[in-house]
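Have a look at the structure below before the remarks.
Worth knowing before you read on, the calculation uses all heavy atoms, side chains too, and leaves out hydrogens, waters and symmetry mates. Chain letters run A, B, ... following the sequence lines, proteins first, then strands; residues in each count from 1.
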Amino acid sequence: MKWTQTLIPTLREAPADAEILSHKLLLRAGLIRKVAGGVYTFLPLGLRALRKVEQIIREEMDRAGAIEVLMPALQPKELWEQSGRAETARDVLFKVKDSSNREWFLSPTAEEVITTTAANEINSYRQLPKNFYQISVKFRDEIRPRFGLMRAKEFIMKDAYSFDTADDGAMASYKKMYDAYKRIFDRCGVQNFPVEADTGVIGGNYSHEFMVPADTGENDVVFCEACGYAANVEKATSGIPKTATREIGAAVEKFATPGVVTIEALTKAPYSVPANRQIKTLIYIADSKPVIILIRGDDQLNEAKLAGVIGTPIFRAATAEEIFAALGAHPGSLGAVGVKNISIFTDERLRGANDMTTGANEDGFHFKNVSIERDIVVSKWADLRTVTAGEPCAKCGKALKIRRAIEVGHVFKLGTKYSEKLNATFLDADGSRKPCVMGCYGIGVTRTLQAIIEQCNDKDGIVWPLSTAPYQVCITPLSVAPDNACMKLAEKIYAELAARGIEVILDDRDERPGVKFKDADLVGFPIRISIGEKSLAKGEVEIKPRSGAVVLTKSEEAVEKVAALVGNGLQKV
RNA sequence: CGGAGCGUGGCUCAGCCUGGUAGAGCGCUUGGUUUGGGACCAAGAUGUCGCAGGUUCAAAUCCUGUCGCUCCGACCA
């Protein structure tokens with residue numbers, strides 16, 4: 001490709017609405033342009049890099065035995081009603097109507113469609129297992145798109161769906177995808193690691209996310225350097241001790257706490273109740289009914305964990321009015337002592353706790369000497385607290401750490417949730433009809449592209465891994481006059497590299513050398529070949545890896561050396 | 001949806017407080033001089049100051065509404 005033929009609109013300054021480095025570089029290097037918030041056009045260079053990521057995914061999915069299909073973005077509303085997700089996923093669904101007023105959803109994923117396909121086309125255990133995948137545009141009605149391609153309304157995703165006859169087969173399919181994901185992200189040239197994950201509203205019971213470490217990521221990952229434990233903070237647990245049981249049998253006692261409405265205030269004189277001897281009482285509305293959540297005063301509720309036990313995907317924190325209606329007191333004076341007819345979910349860390357202080361459901365009063373199991377009717381015990389850095393690892397006891405990361409892939413073991421609802425059944429060898437056991441596996445392709453840039457850059461611009469660079473080699477003749485020796489040699493090397501299947505761009509712009517060098521660095525081509533009159537007079541050209549030093553090379557050896565660099569993945573000249 | 005901020009040429013921004021016929025740098029066009037890390041000189045082109053309404057002799061500037069964008073929060077397959 002000739003630079004003047006394509007369009008690479010580099011920018012010296014980043015548009016003001018780009019916040020994080022990778023977003024700025026995407027714009028400055030001329031890879032994408034914003035059409036609207038969360039909606040982007042891929043320009044030629046950006047598309048090439050995107051196709052590289054897609055191709056790696058295709059190769060690894062194919063290697064893992066998955067088969068490619070393409071499903072519609074436009075999906076009938078009825079299908080989503082059948083699975084129940086029209087309701088549970090309503091906030092992220094783009095809804096459209098056609099001219100005859102029929103309702104459609106723009107697909108954020110395709111469990112419904114693929115499961116229907118399986119229901120129609122798979123009848124026998126002899127046809128299983130199967131794993132279908134597609135790479136396609138997906139839509140999500142993001143409340144707040146941000147960070148360029150990271151969180152967009154429209155994005156490209158690879159989604160795959162496995163169908164097995166039984167649990168052990170489903171586990172094997174899951175493992176294949178897990179291994180394929182590791183290969184995919186390694187090949188993309190980014191640091192990545194799998195973590196145990198929450199399953200969210202997609203359902204299922206076993207899941208891992210693939211994370212790219214980055215301070216600008218939107219996930220907190222808890223990990224243990226000693227034993228390798230790693231989990232999304234939504235899922236993570238620790239070996240933190242339960243609340244100490246004390247040898248005090250005194251009865252519950254009400255005491256006045258005028259104006260005290262925070263845990264913090266109660267820790268101070270004259271009350272001096274440490275936060276770890278307080279019970280925090282939170283009210284949520286689940287399916288229109290109030291529920292009480294109890295956690296220790298020094299802990300934070302983990303809503304993802306709560307979602308797993310509360311029994312409905314539709315819940316939210318209660319308003320002050322709803323709280324008063326339910327308990328007769330305002331936030332800051334709430335408690336569960338003596339409460340009946342409201343479900344009480346209690347964090348495991350409070351099991352056995354006594355000598356605790358909590359609100360009395362009367363503004364301005366608290367109870368002390370509260371024993372959870374004696375004084376409160378707990379509906380369900382569960383792990384509801386959020387792990388914090390420094391807590392002991394549940395597996396090995398060493399201190400846990402927390403870091404930010406970008407979620408680029410997610411694998412789920414789904415079970416039979418969708419196959420039952422959408423009748424994806426098969427006739428087993430024993431003649432019985434069974435639902436397929438499913439798994440689903442997503443990769444945010446456009447997000448992965450940005451994650452690569454977020455991780456692979458320096459002060460001058462992007463530093464593409466060879467595997468995902470839009471072009472592997474950029475040839476920079478310092479003079480572009482057609483009869484100039486530099487340009488003639490550039491054309492020759494260009495043709496020879498291209499003939500070897502190397503992806504090469506020739507910067508044939510009539511620009512000053514500085515401009516060309518700056519642009520090549522900004523865009524981040526892995527290898528630059530500079531051809532100037534000074535070195536050419538000695539029969540040499542320069543080979544410069546993007547992140548390495550210039551190597552002077554005899555011009556007739558340049559093609560061979562660059563081909564070797566590309567061939568061995570840029571290890572050495 | 002709650003809180004904060006911003007909309008002025010392709011990009012970055014000044015001007016607004018204190019109303020008086022719209023500016024700078026970069027980019028773009030033309031000519032010339034340059035030519036190994038974002039050159040220089042000269043001459044140009046490019047704006048309904050987001051949109052609508054109001055106040056005023058006069059509005060980029062003040063007021064109201066509206067749309068869009070960004071950040072924090074809530075949300076997140």
Side-chain angles (χ1 to χ4, degrees), chain A residues 9-20 23-24 27-28 30 33-39 80 83 85 88-93 105 107-112 138-148 150-153 155 157-161 197-204 207 209 217-219 232 234 303-304 307 313-317 319 407 409-412 414 417-418 440-444 447 459-461 476-481 484 486 507 509-522 528 530-537 540-542 544 550 552:
Chain A
T10 57
L11 299 172
R12 196 179 285 216
E13 291 176 282
D17 55 6
E19 193 65 19
I20 65 173
H23 187 193
K24 288 178 182 171
L27 292 165
R28 287 191 57 211
R33 284 294 183 264
K34 182 170 80 172
V35 174
V39 179
W80 285 71
S83 72
R85 289 206 299 174
T88 57
R90 65 183 173 190
D91 290 343
V92 300
L93 280 170
F105 293 153
S107 169
T109 63
E111 279 81 2
E112 284 78 6
K138 302 293 191 302
F139 299 86
R140 288 188 53 174
D141 191 0
E142 284 290 349
I143 299 168
R144 186 180 161 201
R146 65 181 128 180
F147 300 156
M150 283 293 177
R151 176 167 295 270
K153 285 177 182 282
F155 55 97
M157 185 166 111
K158 187 282 305 178
D159 45 329
Y161 309 89
D198 180 62
T199 51
V201 296
I202 201 162
S207 172
E209 287 164 337
E218 298 189 80
N219 292 268
N232 192 307
E234 295 178 346
E303 286 202 355
I314 301 164
F315 68 92
R316 59 175 171 81
T319 64
E407 177 194 346
H410 203 159
V411 292
F412 289 91
L414 271 180
K417 174 177 170 178
Y418 292 93
C440 72
Y441 318 94
I443 291 178
R447 178 184 284 188
K459 64 176 173 50
D460 294 315
T476 307
L478 299 194
S479 168
V480 296
N484 180 282
C486 295
D507 188 351
R509 293 176 299 169
D510 186 12
E511 285 286 356
R512 297 169 63 84
V515 172
K516 294 185 168 195
F517 293 148
K518 286 288 185 188
D519 273 348
D521 287 347
L522 176 58
R528 188 182 77 215
S530 301
I531 306 173
E533 291 184 353
K534 286 180 189 167
S535 44
L536 193 56
E540 290 177 331
V541 300
E542 295 169 16
K544 168 138 188 356
V550 170
L552 283 168

Can you sort out the partners of D91(A) under side-chain hydrogen bond (donor to acceptor under 3.5 Å, both in side chains), two or more places apart, ordered by chain and number?
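For D91(A) there are no side-chain hydrogen bond (donor to acceptor under 3.5 Å, both in side chains) partners, ignoring immediate neighbours.
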Side chain of [X] (C-beta onward), nearest among [options]:
| X | options | result |
| --- | --- | --- |
| R144(A) | G37(B), A74(B), G36(B) | A74(B) |
| E19(A) | U35(B), C71(B), C76(B) | C71(B) |
| K518(A) | U70(B), G38(B), G36(B) | G38(B) |
| R28(A) | G38(B), C11(B), C72(B) | G38(B) |

Check whether the side chain of [X] and the base of [N] form a donor-acceptor pair under 3.5 Å.
| X | N | result |
| --- | --- | --- |
| E542(A) | G36(B) | yes |
| S530(A) | G36(B) | no |
| R146(A) | C71(B) | no |

Nucleotide opposite [N] in a Watson-Crick or G-U pair, distances under 3.5 Å:
| N | result |
| --- | --- |
| C11(B) | G25(B) |
| A42(B) | U30(B) |
| C1(B) | G73(B) |
| G20(B) | C57(B) |
| G37(B) | none |

Sugar-phosphate, base or nothing in reach of [X], heavy atoms under 4.0 Å:
| X | answer |
| --- | --- |
| A317(A) | nothing |
| R316(A) | nothing |
| E303(A) | sugar-phosphate |
| G532(A) | base |
| A18(A) | nothing |
| S535(A) | base |
| D91(A) | nothing |
| D519(A) | base |
| P108(A) | base |
| K138(A) | nothing |

Is the shortest distance from a Lys or Arg side-chain nitrogen in [X] or [Y] to a carboxylate oxygen in the other one below 4.0 Å?
| X | Y | result |
| --- | --- | --- |
| E542(A) | K544(A) | no |
| K516(A) | E511(A) | no |
| E111(A) | R85(A) | yes |
| D519(A) | R509(A) | yes |
| R146(A) | E19(A) | no |

Check whether any side-chain heavy atom of [X] sits under 4.5 Å from a side-chain heavy atom of [Y], and report yes or no.
| X | Y | answer |
| --- | --- | --- |
| D507(A) | R528(A) | no |
| L478(A) | E533(A) | no |
| Y441(A) | D159(A) | no |

Starting at the 5' end of RNA chain B and moving along, which residue's nearest nucleotide shows up first, T10(A) or P145(A)?
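Looking at RNA chain B, the more 5' nearest nucleotide goes with T10(A).
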With rounding to whole Å, what would you report as the distance between [N] and [M] at their [atom1] atoms?
| N | M | atom1 | answer |
| --- | --- | --- | --- |
| U66(B) | C26(B) | P | 41 Å |
| C63(B) | C17(B) | C1' | 15 Å |
| U61(B) | A74(B) | C1' | 36 Å |
| A58(B) | C62(B) | C1' | 13 Å |
| G53(B) | A59(B) | P | 13 Å |
| C49(B) | A4(B) | C1' | 24 Å |

Assign a letter to each nucleotide of nucleotides 24-34 of chain B from its 5' end: B, base within under 4.0 Å of a protein heavy atom; S, sugar-phosphate only; -, no contact.
-BSS------B
Between E142(A) and R151(A), does the salt bridge (Lys or Arg N to Asp or Glu O under 4.0 Å) criterion hold? Intermediate values first, please.
CA-CA 8 Å; E142(A) 284 290 349; R151(A) 176 167 295 270; 3.0 Å; yes
Taking atom [atom2] of [N] as reference, at what distance in whole Å does atom [atom1] of [X] sit?
| X | N | atom1 | atom2 | result |
| --- | --- | --- | --- | --- |
| E142(A) | U70(B) | CD | C1' | 16 Å |
| F105(A) | A77(B) | CZ | P | 17 Å |
| F147(A) | C69(B) | CZ | C1' | 15 Å |

Between the protein and nucleotides 3-10 of chain B, are there any N/O to N/O pairs under 3.5 Å, and if so, what are the atom names and distances?
none

